[in-house]
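Worksheet for the structure shown next.
Computed from heavy atoms alone, side chains included, the values below leave out hydrogens, waters and symmetry copies. Naming convention: chains lettered A, B, ... in sequence-line order (proteins, then strands); numbering from 1 in each chain.
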Amino acid sequence: MLENFSFRTIVEYLPLFGQGLVTTVWLSALSFAGALAVGIVLAAMNLQRGRLFRVPAKAYIDAVRATPLLAQLYFLYFGLPRLGFVLPELVVGILALSLNSGAYVAEIIRAGILSIPRGQVEAGVASGMTYVQRMRFVILPQAFKVTIPPLLGQAIVLVKDSALLSLISVSELTRAGQLLASDRFMPAEGFITIAAFYLLLYYGLKGLAALSGRWFGLQPARSST
Amino acid sequence: SAGTLDDITKRGELRVAVQTQGPPFSLVGANGERTGSSVELAELMAKEMGVKITFLDFDWDGLIPALLSGKADLLVADMTPTLARGMKVAFTKPYMYTGSTVFTKADSKFKTTEDCKAKGTKIAVLLGATGEKEAKTAFPDADIKSYKGGGPLLLDAINNGQADCGVNDVSAVKGQSTAYPAGSFTIMPDLLSKEPLAFATRYDEPDLLVWMNLFLDQVSVDGRLQKNLDYWVNSDAWKKDH
Amino acid sequence: MIEFRGVNKWFGALNVLRDITLSVEPREVVVVCGPSGSGKSTLIRCINGLETIKDGDLVVDGQRLGDPATNMTRLRTEIGFVFQSFNLYPHKTALENVTLAPIHVRKIPRTEAEQAGRELLAKVGLADKVDAYPAQLSGGQQQRVAIARCLGMRPKIMLFDEPTSALDPEMISEVLDVMVAVAEEGMTMMVVTHEMGFARKVAQRVVFMDAGAIVESGTPDEFFSDPKTDRSRAFLSRILRH
Amino acid sequence: MIEFRGVNKWFGALNVLRDITLSVEPREVVVVCGPSGSGKSTLIRCINGLETIKDGDLVVDGQRLGDPATNMTRLRTEIGFVFQSFNLYPHKTALENVTLAPIHVRKIPRTEAEQAGRELLAKVGLADKVDAYPAQLSGGQQQRVAIARCLGMRPKIMLFDEPTSALDPEMISEVLDVMVAVAEEGMTMMVVTHEMGFARKVAQRVVFMDAGAIVESGTPDEFFSDPKTDRSRAFLSRILRH
Amino acid sequence: MIWQQLQSLAGSYPLALRGLGMTVVLSLISLVLGTLLGFGLGILRTGGNRLISAAIGAWVDLIRGTPFLVQIFLIFFILPEFGIELDAFTAGIIALTNLAACFICEIVVAGIRSVPTGQVEAALASGLSRWQRMRQVVLPQAMRIVLPPLVGQYVLLIKDSSVVSAIGLTDLTRVGWLVVQRVPNGLLVFFLVGVGYFIVCYPLIMLARRLERRMGAAHGEVQL
Ligand SMILES: Nc1ncnc2c1ncn2[C@@H]1O[C@H](COP(=O)(O)OP(=O)(O)OP(=O)(O)O)[C@@H](O)[C@H]1O
Ligand SMILES: Nc1ncnc2c1ncn2[C@@H]1O[C@H](COP(=O)(O)OP(=O)(O)OP(=O)(O)O)[C@@H](O)[C@H]1O
Ligand SMILES: [Mg+2]
Ligand SMILES: [Mg+2]
C-alpha cells in the first residue's frame, strides 16, 4: 500500500480534513472543559467525610470507568429519547465525552490532592482559610502540578475518543480519513493523514500543558519539610 | 511465476475477506454460523476451486487494507464498483443490481420520497456508502446525517426518531428490517438509483479475476446465482432457517 | 483566653494528653517545655483544632471547641500558629507565603498587605529573600518565613511550636527579640521552646510536660530555681549540665 | 580524609561557597557554625555529592569528586549523612528506615540488621517507637530516627546537619552523648551545630562561616576565648548574651 | 417484543462468551507485558542518559499522539511490506502492549517525579544503588500517585482492545455489532456489552481501591 502512496489525493481531500480537524478541536475542547468541571465536582464529593456525597460519586466513577464509551453513547443517544429527552447529536456527543472523561479526571484530581502533604492542609487550616480558600490557594495549585501530566494523557484520550462520535453522525477528523478510505480505497493515505493530524493536536496539547505547568510552576530542588 | 490460483491450490485454502455488515449479504446466524448471500457465493467459489474456505472477518476499516496487503485473496461484500474505487482494486462483473431506497417509520408523516425533500428533513445515511452521495443529490435541502456502524444502526435511528428518513441499499434495508416486527417501516417502492454490486480482487491477480468472472458467468447460466438471490435478497425465505 | 478542663487525647492506645487542666489569661505568655514526645505539639495543636480531643473541655476565646455553634474558621483567624516543620507553601514565594492569608482571609488590600509583609520579612532578617521560593531557602530562613507568616495575620493568640529550632544562636536571639516585642504589645502566647532565656525574660508561666501530663507549672523563677517534682528536677539538671 | 581546595559554588547569581579551602584529617571532628544562610548545609552537602561544585577540587577518602573514575555510590556508603530536614522514608517504619541501607547496601542479614537497628533506636531513646511510621512521630523522635539511620551504616565519615535542632535540651544531651561516643571511637565527623558544649567537648576544630566563606577556623579553645575576626566576635557575643 | 429479542439474544451467548474470552485474553496478556515494559521505560526515562530518555520520549509521544486504529493498521497491514508478517492475534497483542507501555511510562514518570528530592537525597546519601533507590525508596512512594491513573489506564486499555476487530479478531464489542444485526435493539445489545466489560473492569477497580487504602494508611493520610 505504501509504494503507491498518493500525496496528491491527500491534498485533494485536505479541505475535508481541515473541516474535520476544526470540529474535532472545538468538540474536544468543550468536552474537556466539561470533563474538568464534572471531574472537579466528583473529586470534591469523593473527598468529603460524609457518605452522602461520597457513595454516589464513587458509584458513578466506577460505573463509568468500568463500561465502554460506546455503551454510554448508546444510552445517551438512543436511551434518553425513550425517557423523553431528544437532544441534538452534538449535544449528546459533548455530554457523553464530558461525562465519560469526567470520571477519569475525578480520579486524577483526587490522587493529586491526596499527594499534598498534610502539613500543607494544616497550614491553610491554621491561618483560618475556608475550605474553598484552602482548595483554591493551597491545595489545587500544588495538586495541579502533579496532575498536569495525567490530565494531558486524559485529554489526548478524549480527543481520540471523539472519533466515536462519527457513530452518531458527528463528522470529525477520523471520518474524513474514513471517507478517503472508502471513496478511493486508499486506506493508507486516509489513516496516516489522520494520524498526522492527531499528532499535531497532541503536540498542541502538550505545549498547552507545559504552559500551564509553568503557570502553576514552582522550583523543584530542595523540599521544605 | 506462479499465479494466485496456483498459490490457492497449493495452500488448499481460499482466503475471503468479509465485512459481516448484516442481512442479507453477510451475517452471523442465530446459531453463530456465518452465512448470507455473498458468503454462500464465496463458499461456492471455494467448492468449485476444490479448496477449503477461510473467512477473514474485518470491519469496514480493515476490509480494503486486508485485500491490498494480500491478507485476503478476494473481497466479498456488497460493494458498489465505482470508477474511483476501480483505480485501486479490480472489480468483477456486477452479479446483481440493487439501488438506494428511502424508508421511514411506518406511522411517520413522510409518506413518499417527495415528502422527504422538504427543507430540514433529517436524513440518515451510512458514512461513505453510495447512499450518502445519492441522498445529497436527491435531497439538497435536507439535513443529511452520516452514521458509521452499519445498516441496522440506521433503522435504529429512524425507529427512535433521531432521523426522519433513511437512505440505504434496498436489499440491505429489506433484509435488516425483518428483525423488527412486521410493518415497522415504510419502504418506498421507487429507487433513487440503480447500483451494481461486485466482488473485488487485486490487479496483480489477473488469473483470479478472470476465474471469478468465469464463475459468475457459470452460476448465472446454471441458475445457481438466481437461486441464491431469490432465497436471500428477493424474499425473506432465509429468515426461517437462520 | 484558653482553658483546658480535664482534656484527654488518645492516638490509638497511646494516651498523648492526660487530664490536662490549664488556663491561659489574655496577654499571658506561657512557655511549654518537656522531653521529646511528651505531647507539647499535640497540646498546642488542639488549641486551634488541628487535633480533636476525646474528653474534657477546651474553650478558646470564649468558644467551646467541638461545639457545633463554634465557627472554627473564624476562630482560627484569631489564632496564629507556627509549625514545628514550618509547612511553608512550596508554590509561593516568601512574600506570598506571608501575604496569602492577610489578603484572602483578612481582606487587606494587596499593596497594603505586601508592604506589611516586606516589613515583617525585613524584621526577621530576610529583606533580600522576599521573592525566593521555600526550596531556595536554608532551614533557618524557612523557619523565619514561617514566623513572619504567623505575625502577618495579627491574631489575638499566637502559638509557636519550637520557633527557633532551625536557627543559629545569633538568629535565635533576633527572632526572640521579635517575639519579645510582640509579647510586650500584649499578645496572648503559648510557646513550645527550650530557650530558657526567653522563658525567663517574657513568660509569666512555664508549663512542664511529661508523658502527656502537665507535671509542673509555675513562674519561670519558681520553676528554674526550685522545681517541685523529681521529673522536672532531673530535666533541668540535664539542661544545665550540658 | 576530606579536602576542599579553592571550591566555589553558585546558585544562580548567589555565590554560596566562596573559595573554600579546608582539610579534615581522619578521626578529626570538625564543628561548622555560622549564621543562617551562610552556606553550612551546602558545604557538607557537597561532600557526599548532593551538590556539585563549579570550580576547585574536593577530594574525599582519596577520591576526587566529579572525576568519572570515582564510584559515587561506593563512596557514599562510607559517608553517613543526617539531614537538617530528616528526610525519613514516609512509607517505612522507624526500624525499616534504619535497616534499609544495612540490608541492601551492606548486605547484612535481615535478622542481624534488625537486631542492630533495635539497639540503635534504643540508644536514642526510641525503643517503643520501632514500628511507628514517621507521620506518627514527634519532631524530635523523627530526628532521632534520622541519626540512628546514619549510625546504622557504620560509615567512615559522618556528616551531621544540625542534628539536635528539634530536640529538647534533655534529649540533646543524650543524642550528643551518643555522638561523643562515636567520635571517641575514632570516627571522622563534620557537624553543623551551634551546641557549643559539644564543640568544646569533642571537636578538634571549629570552622566559622559567613556569607559562603570560611571566616575563621581554629581549636574550640582558641575560637571561643579569642576569636580573631570582628564577625566571629560579634557572633559569639550574641550567643553569650542571649 | 423485548421478550422475543431476549430469546434470540440467548441464542447468541456462545458467541458472546467467545468475544468476552478474546477481550479478556488480549487485555490480560498485554496489560501484564505493557506494565512491565511501561515501568521499565519510565525508569529508563527518568534515568540519567539523555539520549535514551529523549528516544523514549519521542516514541511515547508518537504512540500517545496517534489513534490506536492507525497503529494496529500499520502493524498488521503495512509491516508485511517490510517482510514482517504477523497473525492477527500476535499483531493485536503487540499493538496493545506497546500502547499500554507508552501510557504507563508517562504515568510512572509523573509518579517518580512527584517524590520529594529529599527522599532521593536520603537514599543517595546512604549509598543505595540506582536500582535500590528506585525499588526501595522512590517507587513505593511514587505508587501512591501512580496507582489511580494506572488503573484508569488499565480499564481504558481493556476497552481499547475492541479496536482489534479492525484486523479480524472477534472481541466483545464486535460481537455486539454482529448481534445487533439480528436483534436491532442497539440499546439493549450494547447495554449487555457494557455489562460484559463491567464484569471484567470492576474487580480491577475494586482491587486498586483496596491497595490504595492500604498505602494511604501507611502514610498517615488525613482528610481535608
Ligand atoms: N498521628 C499520630 N499517630 C500516632 N502517634 C502519634 C501521632 N502523632 C504523634 N504521636 C505520638 O504522640 C506523642 C506526642 O507527640 P508530640 O508531637 O505532641 O510530642 P512533642 O512533645 O511535640 O515532641 P517533640 O519535642 O519531639 O516535638 C509522641 O510519642 C508521638 O509518637
Ligand atoms: N536551591 C537553591 N537555589 C537558590 N538558592 C539556594 C538554594 N539552596 C540554598 N540557597 C541559598 O544558599 C544560601 C546558603 O544556604 P544553606 O542551606 O547552605 O545555609 P545554612 O548555612 O545551612 O543555613 P541554616 O543554618 O539556616 O540552615 C542561602 O542564602 C539560601 O537561600
Ligand atoms: Mg513537637
Ligand atoms: Mg542549613
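For chain B, no part of E:Ile72 is nearby; none of its heavy atoms comes within less than 4.5 Å. Contacts between E:Arg18 and chain B at a heavy-atom distance below 4.5 Å are absent for every atom of the residue. With a 4.5 Å cut-off on non-hydrogen atoms, B:Ser26 touches chain E through its backbone but not through its side chain. Interface residue B:Gln19: only backbone heavy atoms are found under 4.5 Å from chain E. Only the side chain of E:Phe73 comes within contact range of chain B, with at least one heavy atom under 4.5 Å from a heavy atom of that chain. Neither the backbone nor the side chain of B:Leu56 has a heavy atom closer than 4.5 Å to any heavy atom of chain E. For E:Pro14, no part sits under 4.5 Å from any heavy atom of chain B, backbone or side chain.
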Side-chain donor-acceptor pairs under 3.5 Å in residues 93-107 of chain E, sequence neighbours left out?
from, atom 1, to, atom 2, distance (Å)
E:Thr97, OG1, E:Ile93, O, 2.7
E:Asn98, OD1, E:Trp59, NE1, 3.1
E:Glu106, OE2, E:Arg45, NH1, 2.5

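A donor-acceptor pair is defined here as one N or O able to donate and one able to accept, closer than 3.5 Å; no such pair exists between the side chain of B:Asp61 and the backbone of E:Ala166.
With a 4.5 Å cut-off on side-chain heavy atoms, E:Ile167 and B:Lys71 do not count as touching.
Chain E forms more heavy-atom pairs under 4.5 Å with one residue of B:Thr20, B:Leu27, B:Leu68 than with any other, namely B:Thr20.
Note that CG of B:Asp57 and CG of E:Leu178 are 6.0 Å apart. Values are rounded to the nearest 0.5 Å.
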